[in-house]
Novice: 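This is the structure I have questions about; it appears just below.
If you're wondering where the values come from, they're calculated on a predicted model, not measured in any experiment.
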Amino acid sequence: MSFASPLFLWYFLPATLLAVLVLPRSWRNGIIAVASLIFYASGAGAFTLLLLACMVVNFAAGTALEPNAWEPRSSRKRLLLIAVICFDVGILVVWKYAGFATQQIDYFTQLFGGSFPVAQLALPIGISFFTFHHISYVVDIYRGERRALRNPVSFVTYIAMFPQLVAGPIVRYREIADQLPQQRSHRLDDIAAGFPRFALGLCKKAIIADSLSPMVEACFATSAEDMTFAIAWLGAVGYTLQLYFDFSGYSDMAIGLGRMLGFRLPENFARPYSSVTVTEFWRRWHMSLSRWFRDYVYIPLGGNRAGAAKTYRNLCIVFVLTGFWHGANWTFVVWGCYHGLLLIIERRFGWDRTPPAVAARVGRRILTLVLVVFGWVFFKSADIGHAFTMIGHMLVPDFDGLTDVVEAALTNQRVVILIAALAIFALPAHPVTGPLLESARTRGAVGLRIGVMTVGALYAAILVANGTFSPFLYYQF
């Protein structure tokens with residue numbers, strides 16, 4: 001079930017909000033837990049049993065890992081933590097990477113005239129996200145940062161909460177632990193504050209991202225023989241915009257839904273294409289993922305405390321894992337290594353700081369954006385060869401235009417939306433639209449909220465009703 005689907009918008013969401021409003025406040029977590037499992041089961045089917053099994057293991061481990069006066073972080077607790085993390089990572093590896101691993105083995109086996117059976121496993125929806133939630137839960141408890149949950153309903157609410165279950169934002173346990181026992185008394189106020197944020201995300205997804213999708217697909221589907229400078233750049237820039245509006249739209253919808261249910265979920269985007277450095281870009285893009293890797297991988301490895309060489313090593317490890325987390329394909333690994341290399345170069349030469357001169361900031365911002373666009377070509381391409389073909393044409397101008405297929409996908413309406421979406425490249429880093437729209441204290445913010453909720457949300461709802469929406473891009477991760 002997608003947020004941008006008639007089933008969710010016309011039936012599931014109203015029914016859930018109505019239940020939260022009219023039933024006793026103490027029932028909130030129970031309502032959300034049941035609704036979330038129904039939401040997940042509608043798309044994942046039998047994989048719901050896998051999710052439940054993972055929740056049982058991590059919930060039981062949480063209480064056993066909690067430090068106490070007579071047994072703080074003992075070796076037994078440490079071994080249990082390692083075992084639980086291995087279990088969580090093992091589930092992720094089996095279901096997400098078994099096919100990729102066996103394909104690589106089969107490839108090398110064929111070089112010697114043999115063959116190896118390739119695993120064909122369906123990918124459970126949201127497995128990368130609920131795995132990270134489980135790891136955050138047990139690690140935060142082991143560190144003594146939060147107490148373990150004794151109520152299984154509250155635990156299911158945290159892990160399976162439908163706004164963030166399928167595609168984030170990744171909510172660290174410490175960020176939500178104090179909110180789980182709260183019984184919000186201003187439920188109508190929460191809905192009034194959360195709905196504009198949800199509407200903003202719906203507009204981003206249905207009006208912009210989905211409109212750009214056919215054009216982007218036509219460009220990336222162009223064969224190497226027909227690829228041109230114009231098609232390569234149109235596809236790369238189009239995907240840069242589509243991915244941002246699709247994923248940030250999902251995040252806005254998730255944060256808005258969480259607020260309507262009485263939870264404040266962490267921000268996930270802060271105008272990333274306004275970044276002056278690649279380092280800043282990663283402070284603004286998919287921020288919840290960056291924070292997760294920082295807290296549970298980078299800092300435990302030593303962070304930047306043990307000299308330059310180990311800092312670069314830690315950055316490499318984090319970004320290889322970041323790329324591989326996104327998908328079982330060498331293109332994601334190359335994309336992660338590419339960004340890791342850029343961060344190392346910036347740190348090595350001191351380019352990770354914002355230059356004081358205005359002209360230098362403008363130049364660095366343009367350079368950062370171009371580097372990010374090149375990176376998205378690897379992220380989107382089906383294989384590395386196709387990515388290098390596109391990048392090769394992006395680097396060598398020619399006088400060829402668009403193919404008939406790309407021209408057919410580039411309708412007048414999509415041209416207008418593309419031009420409007422390009423404005424995101426020129427916007428300042430602050431203020432960020434989502435939080436501004438949610439608070440809406442100034443006259444301009446109030447006007448923006450009214451416009452999004454009336455014209456924007458209504459038009460987006462019409463598009464959804466006509467069946468013009470597509471699944472969120474991050475559903476595949």
Novice: Quick one: do Cys54 and His134 satisfy side chain to side chain contact (heavy atoms under 4.5 Å, CB included)? Show the steps, please.
Specialist: CA-CA 8 Å; Cys54 293; His134 281 131; 3.6 Å; yes
Novice: Please confirm whether the ring centroid of Phe293 lies under 6.0 Å from the ring centroid of Phe132.
Specialist: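 Yes.
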Novice: Quick one: are the ring centres of Phe12 and Phe162 less than 6.0 Å apart?
Specialist: yes
Novice: Should the pair Arg291 and Tyr296 be classed as cation-pi, given the thresholds of under 6.0 Å to the six-membered ring centre and 45° from the axis?
Specialist: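 No, Arg291 does not sit over the ring of Tyr296.
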Novice: Going by heavy atoms in the side chains, are Leu410 and Leu234 under 4.5 Å from each other?
Specialist: yes
Novice: Would His133 and Tyr173 count as a close aromatic pair, with their ring centres under 6.0 Å?
Specialist: no
Novice: Using a 4.5 Å cut-off on heavy atoms from C-beta on, say whether the side chain of Phe59 contacts that of Val56.
Specialist: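 Heavy-atom side-chain distance check fails, nothing below 4.5 Å.
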Novice: Any side-chain heavy atom of Leu265 sitting closer than 4.5 Å to one from Ile176?
Specialist: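 Of all side-chain heavy-atom pairs linking Ile176 with Leu265, at least one is under 4.5 Å.
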Novice: Would you name the heavy atoms of Val320 and Cys337 that are closest together and state the gap between them?
Specialist: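 The pair with the smallest heavy-atom distance is CG2-SG, 3.7 Å.
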Novice: Do Leu165 and Phe129 make a side-chain contact, defined as non-hydrogen atoms from C-beta onward lying under 4.5 Å apart?
Specialist: no
Novice: Quick check: closest heavy atoms across Arg150 and Pro152, and the distance to 0.1 Å?
Specialist: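 Shortest heavy-atom separation between Arg150 and Pro152 comes out as O-CD, 3.4 Å.
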Novice: Determine whether a donor-acceptor pair (N or O, by modelled atom type, separation under 3.5 Å) exists between the side chain of Arg28 and the backbone of Gly262.
Specialist: yes
Novice: Roughly how far, to the nearest 0.5 Å, is CG of Leu257 from CZ of Phe195?
Specialist: 10.0 Å
Novice: Can you give me the closest heavy-atom contact between Arg143 and Pro300, atom names plus distance?
Specialist: NH2-CG, 3.6 Å
Novice: Begin from the C-alpha positions of Phe247 and Phe269 and carry the test ring pair (Phe, Tyr, Trp, His ring centres under 6.0 Å) through to its verdict.
Specialist: CA-CA 9 Å; Phe247 192 24; Phe269 289 88; 5.1 Å; yes
Novice: Tell me if a side-chain donor or acceptor on Gln179 pairs with a main-chain N or O of Phe263 at a distance below 3.5 Å.
Specialist: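 No, the answer is negative, given that no donor and acceptor are paired below the 3.5 Å cut-off.
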Novice: Apply side chain to side chain contact (heavy atoms under 4.5 Å, CB included) to Arg174 and Asp295, showing your working.
Specialist: CA-CA 11 Å; Arg174 74 184 75 163; Asp295 292 346; 3.4 Å; yes
Novice: Can you find a heavy atom in the side chain of Phe378 that is under 4.5 Å from one in the side chain of Ile391?
Specialist: yes
Novice: When you measure from the side chain of Tyr40 to the backbone N and O of Ile125, does any donor-acceptor pair fall under 3.5 Å?
Specialist: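 Such a contact is found between Tyr40 side chain and Ile125 backbone.
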Novice: Let me know which of Phe374, Trp376, Trp325 forms a ring-ring contact (aromatic ring centres under 6.0 Å, His included) with Trp335.
Specialist: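 So, applying the ring-ring contact (aromatic ring centres under 6.0 Å, His included) to Trp335 and each of Phe374, Trp376, Trp325, only Trp376 qualifies.
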Novice: Is a donor from one side chain sitting under 3.5 angstrom from an acceptor on the other, for Trp330 and Gln104?
Specialist: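 Gln104 and Trp330 do have a side-chain donor-acceptor pair below 3.5 Å.
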Novice: Hey, what do you get for OH (Tyr273) to CG (Leu369), rounding to the nearest 0.5 Å?
Specialist: 8.0 Å
Novice: What verdict does the side chain to side chain contact (heavy atoms under 4.5 Å, CB included) test give for Phe100 and Phe324, after you've listed the backbone C-alpha separation in whole Å, the side-chain angles of each residue and the deciding distance to 0.1 Å?
Specialist: CA-CA 11 Å; Phe100 175 76; Phe324 214 39; 3.7 Å; yes
Novice: Less than 4.0 Å between a side-chain N and a carboxylate O, is that true for Glu267 and Arg197?
Specialist: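 The answer is yes: the pair qualifies as a salt bridge.
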Novice: For Asp246, which of Lys204, Lys380, Lys205 qualifies under salt bridge (Lys or Arg N to Asp or Glu O under 4.0 Å)?
Specialist: Lys205
Novice: If you round to the nearest 0.5 Å, how far is CE of Met161 from CG of Leu180?
Specialist: 6.5 Å
Novice: Check for a donor-acceptor pair, side chain of Ser213 on one end and backbone N or O of Ala209 on the other, with a separation under 3.5 Å.
Specialist: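 Answer holds: no.
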Novice: Please walk me through it: do Val166 and Phe3 pass side chain to side chain contact (heavy atoms under 4.5 Å, CB included)?
Specialist: CA-CA 10 Å; Val166 175; Phe3 291 169; over 6 Å; no
Novice: Compare all side-chain heavy atoms of Val171 with those of Pro266 and state whether any distance is below 4.5 angstrom.
Specialist: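 SC-SC contact between Val171 and Pro266 confirmed.
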Novice: Report, one line per pair, each donor and acceptor closer than 3.5 Å where one atom sits in a side chain of residues 88-95; sequence neighbours left out.
Specialist:
from	atom 1	to	atom 2	distance (Å)
Asp88	OD1	Asn58	ND2	2.9

Novice: Looking at every heavy atom in both Gly375 and Tyr338, which two are closest together, and how far apart are they?
Specialist: CA-CE2, 3.6 Å
Novice: Would you compute the distance between atom CG of Leu261 and atom CD1 of Ile191 and round it to the nearest 0.5 angstrom?
Specialist: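 Leu261 atom CG to Ile191 atom CD1 measures 8.0 Å (nearest 0.5 Å).
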Novice: Rounded to the nearest 0.5 Å, what's the gap from SG on Cys316 to CG on Leu301? Could you check?
Specialist: 11.5 Å
Novice: Is a donor on one side and an acceptor on the other found under 3.5 Å between the side chain of Thr109 and the backbone of Ser115?
Specialist: no
Novice: I would like to know whether Glu175 and Arg146 meet salt bridge (Lys or Arg N to Asp or Glu O under 4.0 Å); could you show each step before the answer?
Specialist: CA-CA 10 Å; Glu175 295 174 309; Arg146 291 294 186 274; over 6 Å; no
Novice: Evaluate the ring planes of Trp285 and Tyr244, with Trp represented by its six-membered ring, and classify them as parallel (under 30°), tilted (30 to 60°) or perpendicular (over 60°).
Specialist: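 Correct class here is tilted.
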Novice: Can you measure from CH2 (Trp282) to OG1 (Thr277) and round to the nearest 0.5 angstrom?
Specialist: 13.0 Å
Novice: Is there a donor-acceptor pair closer than 3.5 Å between any side-chain N or O of Asn329 and the backbone N or O of Ala382?
Specialist: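 Pair found, side chain donor or acceptor close to backbone of Ala382.
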Novice: Check whether any side-chain heavy atom of Pro163 sits under 4.5 Å from a side-chain heavy atom of Phe198, and report yes or no.
Specialist: no
Novice: I need the minimum non-hydrogen distance between Phe8 and Pro14, along with the two atoms involved.
Specialist: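 Heavy atoms of Phe8 and Pro14 come nearest at O-CD, 3.9 Å.
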Novice: Check whether any side-chain N or O of Arg259 sits under 3.5 Å from a backbone N or O of Asp190 as a donor-acceptor pair, and report yes or no.
Specialist: no
Novice: Between Arg172 and Glu145, does any NZ, NE, NH1 or NH2 come within less than 4.0 Å of an OD or OE carboxylate oxygen?
Specialist: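 Salt bridge: no.
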Novice: For Phe155 and Tyr137, I'd like to know if the aromatic rings sit close, meaning centre-to-centre distance below 6.0 Å.
Specialist: yes
Novice: Return the minimal non-hydrogen interatomic distance between Met215 and Gly238, and the atom names on each side.
Specialist: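 Minimum heavy-atom separation between Met215 and Gly238: CE-CA, 3.8 Å.
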Novice: Are the side chains of Ile135 and Val84 in contact, using a 4.5 Å heavy-atom criterion?
Specialist: no
